[in-house]
S.K.: 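To start, I am sharing the structure in question, which I have written as structure tokens.
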Amino acid sequence: MSLLPGVRGLLRPLRCVLTPPAPPRRGYAAVADARAILESELEGIRVAGTWKGERIITSKQGPRINVDGSRGTILNFCANNYLGLSSHPEVVQAGVDALNTYGAGLSSVRFICGTQDLHKELERRLAEFHEREDCILYASCFDANAGLFEVLLGPEDAVLSDELNHASIIDGIRLCRAKRLRYKHMSLEDLEARLQEAQSSRMRLVVTDGVFSMDGDVAPLEGICALAERYGALVFIDECHATGFLGARGRGTDELLGVMDRVHIVNSTLGKALGGAAGGYTVGPKPLIDLLRQRSRPYLFSNSLPPPVVGSALRAVEMLLASSHIAQSMAAKTTRFRDQMTEAGFTIAGSAHPICPVMLGDARLASLMADDMLKLGVYVVGFSFPVVPKGKARIRVQISAAHSDQDIDRCVEAFIQTGRKHGVVA
């Protein structure tokens with residue numbers, strides 16, 4: 001009988017011991033390296049005190065909400081719900097009705113089989129609201145800003161942008177091939193210099209936020225429009241923090257400053273004052289809107305807005321077209337908060353806008369004060385780098401038409417108590 005099979009059996013365990021282990025797969029090493037890099041970045045955010053946590057809301061959006069981990073009702077002073085329409089019964093019911101009539105969604109982009117009469121009616125009403133020729137809907141105003149500039153502007157054109165414009169505007173401009181010129185924040189003198197520099201361009205577009213969301217300051221549109229007319233430029237404004245409540249009828253910054261007929265293109269959102277769900281849009285000359293429908297990539301390659309969102313927004317716009325009462329109630333509430341906070345010793349940035357940044361400077365201080373405010377029953381959030389420049393941390397308070405005078409007074413009292421604890425006010 002051969003001994004070979006037995007010998008092989010004896011050698012097999014020994015071979016396993018002597019054979020070196022296989023080197024780790026490169027794919028696993030790449031994942032481990034990437035994880036280490038990401039964890040290092042995250043730890044840096046934590047150490048800097050700029051970590052942004054997400055509190056869990058367990059109720060409808062509104063001036064009073066329920067927050068996971070907190071007892072009782074909390075006053076909410078940090079939502080973009082300027083007119084209090086996010087949970088307005090008529091707005092909610094319009095969304096329910098649209099859901100029942102038109103379904104949950106279209107499963108399509110607009111040009112294939114994603115346009116319902118509901119979408120066209122909202123576009124028509126938004127154009128009417130802004131007193132422009134036409135309107136195009138997007139999934140968000142970020143998409144509207146991403147989809148505009150590369151369609152409108154070519155290499156022979158120039159875009160002149162305020163240095164503190166919203167990140168979505170900056171990203172949208174990066175996608176276009178026009179000559180890019182930045183001017184100092186709200187500086188008409190610097191804008192004029194940039195316009196002079198751009199005179200050889202075929203078309204010039206001045207781009208600005210109507211209201212700058214971090215500071216609540218209003219762009220000097222009268223001066224901007226005057227310079228644009230002198231140097232042959234178009235004017236674009238982003239009205240996300242103005243639509244629905246600035247101006248006598250809530251039409252926005254251009255109405256507030258009397259330049260509605262001098263601003264050529266407006267982008268804005270449905271996700272703030274106009275119901276607060278989602279969506280954005282562009283209003284302007286019909287040839288521009290027609291061209292955006294043909295070439296704007298976020299429009300062409302994103303699903304249509306869901307019918308419940310469209311229905312809710314349409315009802316909000318109809319309410320504002322019918323009455324300006326809600327919009328007009330904002331001014332007194334904003335003044336009440338700003339005056340009381342200033343008298344208490346806080347520094348409030350911006351002008352007479354519902355965005356009321358309580359300036360603190362230190363990121364960790366802003367975060368700690370916001371946590372202490374929540375313990376006192378007031379929901380606010382600290383803003384720090386990279387949302388705002390380093391050294392400019394603040395708690396951004398936002399006043400809503402749904403806040404009562406008593407709500408505002410209670411918020412101020414909580415700020416005073418928390419500010420004294422942290423040595424911000426005496």
Side-chain angles (χ1 to χ4, degrees), residues 141-142 144-243 246 252-268 282 284 288 349-353 355 357 359 385-392 394:
C141 191
F142 202 113
N145 285 336
L148 172 68
F149 304 107
E150 69 171 334
V151 173
L152 178 60
L153 304 172
E156 61 273 45
D157 302 316
V159 56
L160 305 94
S161 178
D162 188 293
E163 64 181 352
L164 293 188
N165 276 337
H166 191 267
S168 61
I169 295 175
I170 295 170
D171 286 356
I173 289 174
R174 285 173 176 163
L175 294 172
C176 79
R177 295 182 294 165
K179 182 179 181 180
R180 306 169 201 165
L181 301 169
R182 284 195 307 172
Y183 63 91
K184 295 176 183 177
H185 181 48
M186 299 203 308
S187 171
L188 295 177
E189 180 180 359
D190 197 43
L191 173 58
E192 182 169 21
R194 302 288 80 78
L195 282 166
Q196 291 170 347
E197 185 180 343
Q199 281 305 286
S200 62
S201 298
R202 179 190 66 170
M203 185 163 55
R204 292 157 292 283
L205 178 67
V206 180
V207 174
T208 182
D209 277 311
V211 173
F212 294 86
S213 61
M214 287 299 106
D215 291 313
D217 46 3
V218 178
L221 288 184
E222 294 169 290
I224 289 173
C225 290
L227 287 173
E229 289 160 3
R230 185 182 309 166
Y231 291 97
L234 299 175
V235 177
F236 162 95
I237 57 175
D238 181 310
E239 286 284 83
C240 287
H241 290 274
T243 297
L246 281 193
T253 314
D254 52 350
E255 181 186 48
L256 176 71
L257 300 177
V259 293
M260 287 189 74
D261 59 340
R262 301 166 71 187
V263 171
H264 307 97
I265 306 167
V266 176
N267 276 10
S268 195
T282 298
L288 170 63
S351 52
H353 188 278
I355 293 174
M359 303 304 295
F385 182 82
V387 179
V388 297
K390 290 183 178 180
K392 298 287 187 180
R394 79 283 305 269

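Keep in mind that what you see is a predicted model, and the values were worked out from it rather than measured.
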S.K.: Ignoring hydrogens, what is the shortest heavy-atom contact between I265 and L148? Give both atom names and the distance.
M.R.: CG2-CD2, 4.2 Å
S.K.: Taking only residues two or more places apart in sequence, or in another chain, which ones meet L188 in a side chain to side chain contact (heavy atoms under 4.5 Å, CB included)?
M.R.: P220, I224, L227
S.K.: Testing the basics here: between M186 and D217, what is the closest heavy-atom pair and its distance to 0.1 Å?
M.R.: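 Closest heavy-atom pair between M186 and D217: CE-OD2, 3.7 Å.
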S.K.: Within a radius of less than 6.0 Å around CZ of R202, do more than 12 heavy atoms belonging to other residues, nucleotides or ligands occur?
M.R.: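 Yes, enclosed.
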S.K.: Assess the side chains of D238 and N145: does a donor N or O sit below 3.5 Å from an acceptor N or O?
M.R.: yes
S.K.: Kindly check if the number of other-residue, nucleotide or ligand heavy atoms within 6.0 Å of CZ (R182) is above 12?
M.R.: no
S.K.: Is the CD atom of Q196 crowded by more than 12 outside heavy atoms at less than 6.0 Å?
M.R.: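 More than 12 within 6.0 Å, yes.
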S.K.: For the backbone of S187 and the side chain of D190, can you confirm whether one donor and one acceptor N or O come within less than 3.5 Å of each other?
M.R.: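 Pair absent, no side-chain N/O of D190 close to backbone of S187.
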S.K.: Show your working on salt bridge (charged side-chain N to carboxylate O under 4.0 Å, His left out) between K184 and E163 and close with a plain yes or no.
M.R.: CA-CA 6 Å; K184 295 176 183 177; E163 64 181 352; over 6 Å; no
S.K.: Using the benzene-type ring in the case of Trp, are the ring centres of F212 and H185 under 6.0 Å apart?
M.R.: yes
S.K.: Carefully, step by step, assess T282 and N267 under the rule side-chain hydrogen bond (donor to acceptor under 3.5 Å, both in side chains).
M.R.: CA-CA 4 Å; T282 298; N267 276 10; 2.6 Å; yes
S.K.: Would you compute the distance between atom CG of D254 and atom CD1 of I237 and round it to the nearest 0.5 angstrom?
M.R.: 4.0 Å
